[in-house]
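Computed from a prediction, not measured in an experiment: that's the story for all the values here.
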Amino acid sequence: MITLLYRIYQTLIAIPLIIIYTILTAIMVSVGCAIGNPHFWGFYPGQWWGAFICRILLLPVKVEGRENLQEGQSYVFVSNHQGAFDIFLIYGFLHRNFKWMMKYQIGKIPFVGFACRKSHQIFIDKRGAKKIKASYDQAREILKDGISLTVFPEGARSFTGHMGYFRRGAFMLADELQLPVVPLTINGSIKVMPRTRDWHFANWHPLQLTIHKPIAPQGQGPENVKHTMDESYQTIMSALSPELQGFEENPDQ
């Protein structure tokens, strides 16, 4: 009965408001970036949007570890990727100005894709070496402006909530610019909307974001890349729910 009422609430109230708010946010970002500071307009409306979606769906959110971050410091944030709600949780509750590193296909979504391009989000296009290089060149320039970067190094959402392997790109970028890497652990997203039920009704379930201590670079080069990648992986894994700990192969990786 509770599940039925929650779905009726989503149909009549939450989903229509989310659609309207998403369109308004995309317009706000696009117009704001065209006439003003893209680092402001490219982040804060998205932060309000992410928090709004979690709140309007009545999802409890718990954040731990904000005290681990320093004001004015750029970071490379790396997170596990349980599902679609990872984006709303990080955007709405990390409370740091950052750019996303995202798949280029997102740029094709109406309204959203246009807003992402205008706000200088970083699209990873793997259709050739030149496109990949252009993506990382853009990321380097943005990070030099004091903005942080958020990456899902698995590159694909989990089917089960377990973690797959990490790709090296984000850690190589952090190594090149000598930036700290901050691991983020997400719990609960797989329960709200598992990948096997994409864009269906959300399930009510608490969400938790754990912000771990930054991992400072130790030298520069392949050894530092491996160190930050391995340390990030183990740190994120350690804060996952016990039933989701352990590697599981993701066929999409």
Query raised in the report: Can you check side chain to side chain contact (heavy atoms under 4.5 Å, CB included) on F166 and I236, steps first, answer last?
Result: CA-CA 11 Å; F166 277 1; I236 294 170; 3.8 Å; yes

Query raised in the report: V61 and R55: side chain to side chain contact (heavy atoms under 4.5 Å, CB included), yes or no, with the steps?
Result: CA-CA 9 Å; V61 173; R55 297 305 191 200; 4.2 Å; yes

Requested in this report: Mind running side chain to side chain contact (heavy atoms under 4.5 Å, CB included) on I56 and Y21 for me, showing each step along the way?
Outcome: CA-CA 11 Å; I56 197 67; Y21 200 92; over 6 Å; no

Query raised in the report: Can you list the steps and then say if L207 with C54 is a side chain to side chain contact (heavy atoms under 4.5 Å, CB included)?
Result: CA-CA 9 Å; L207 294 168; C54 292; 4.1 Å; yes

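R157 contributes no side-chain N or O that, together with a main-chain N or O of I190, makes up a donor-acceptor pair within less than 3.5 Å. Under the 3.5 Å distance criterion, the side-chain polar atoms of Q208 are left unmatched by any main-chain donor or acceptor of N187. Looking only at distances, a side-chain donor or acceptor of Q220 sits under 3.5 Å from a matching main-chain atom of D175. Remark: the backbone N or O of G42 is paired with a side-chain donor or acceptor of Q121 at under 3.5 angstrom. Side-chain N or O atoms of Y165 include none that pairs as donor or acceptor with a backbone N or O of F247 at under 3.5 Å. Although no hydrogens or angles enter the test, the distance criterion places a donor-acceptor pair under 3.5 Å between the side chain of Y75 and the main chain of Q70. In terms of modelled atom types and a separation under 3.5 Å, the side chain of Q10 and the main chain of L5 share no donor-acceptor contact. Side-chain N or O atoms of N80 include none that pairs as donor or acceptor with a backbone N or O of M163 at under 3.5 Å. Using modelled atom types, one side-chain atom of N97 and one backbone atom of H39 make a donor-acceptor pair closer than 3.5 Å. The backbone N or O of M229 lies less than 3.5 Å from no partner atom in the side chain of S232, so there is not a single donor-acceptor pair.
Atom CE of M28 has more than 12 heavy atoms from other residues, nucleotides or ligands within 6.0 Å. Within a 6.0 Å sphere centred on CZ of R168, heavy atoms belonging to other residues, nucleotides or ligands number 12 at most. Counting non-hydrogen atoms of neighbouring residues, nucleotides and ligands closer than 6.0 angstrom, the CD atom of E243 exceeds 12 such neighbours. Within a 6.0 Å radius of CD in Q178, other residues, nucleotides and ligands contribute more than 12 heavy atoms.
Linking Ile, Leu, Val, Met, Phe, Trp and Tyr residues whenever their side-chain heavy atoms come within less than 4.5 Å places L240 and Y233 in a single cluster. Under a hydrophobic-cluster definition in which Ile, Leu, Val, Met, Phe, Trp and Tyr are linked whenever side-chain heavy atoms come within less than 4.5 Å, directly or via other members, M193 and I8 are assigned to the same cluster. In the hydrophobic clustering of ILVMFWY residues, with side-chain heavy atoms under 4.5 Å counting as a link, L244 and F85 come out apart. F93 and L58 fall within the same hydrophobic cluster, where Ile, Leu, Val, Met, Phe, Trp and Tyr residues are linked whenever their side-chain heavy atoms come under 4.5 Å apart, directly or through other members. Linking ILVMFWY residues whenever their side-chain heavy atoms come closer than 4.5 Å, directly or via other members, places L12 and I53 in the same cluster.
Annotation: salt bridge (Lys or Arg N to Asp or Glu O under 4.0 Å) contacts of E176 (sequence neighbours excluded): R140.
Looking at heavy atoms from C-beta onward, I90 lies in side-chain contact with L184 at the 4.5 angstrom threshold. Side-chain contact check for R96 versus V182: every heavy-atom pair is 4.5 Å or farther apart. Residues H227 and I215 form a side-chain contact, since some pair of their non-hydrogen atoms from C-beta on lies under 4.5 Å apart. The shortest distance between side-chain heavy atoms of T228 and P217 does not fall below 4.5 Å. In this structure, the side chains of I35 and W41 stay at 4.5 Å or more apart for every pair of heavy atoms. Taking the side chain as every heavy atom from C-beta outward, W49 and V29 never approach each other to under 4.5 Å. Annotation: side chain of F159 is in contact with side chain of D252 (closest heavy-atom distance under 4.5 Å). Using a 4.5 Å heavy-atom threshold, the side chains of S79 and T150 count as separate.
A distance of 12.5 Å separates OG in S158 from CZ in F152, rounded to the nearest 0.5 Å. Between the CZ atom of F43 and the NZ atom of K99 there is a distance of 9.5 Å, given to the nearest 0.5 Å. A distance of 10.5 Å separates CG of L59 from CZ of F88, quoted to the nearest 0.5 Å. Atom CD1 of I15 is separated from atom OH of Y9 by 10.5 Å, given to the nearest 0.5 angstrom. Between the CG atom of D86 and the CD1 atom of I186 there is a distance of 3.5 Å, given to the nearest 0.5 Å. Atom OG1 in T160 sits 8.0 Å away from atom CG in N250 (nearest 0.5 Å).
G155 and R167 make their closest contact through CA-NE, 4.4 Å (heavy atoms, listed as atom of the first residue, atom of the second, distance). Of all heavy-atom pairs spanning G46 and T25, the tightest one is N-CG2, 4.3 Å. When all heavy atoms are compared, the tightest approach of N224 to Q218 is OD1-N, 2.8 Å. Nearest heavy atoms, P214 versus P180: CB-CB, 3.9 Å.
Checked against a 6.0 Å centroid threshold, the rings of Y91 and F98 count as neighbours.
Under the 30°/60° scheme for interplanar angles, the aromatic rings of W48 and Y44 are found to be tilted.
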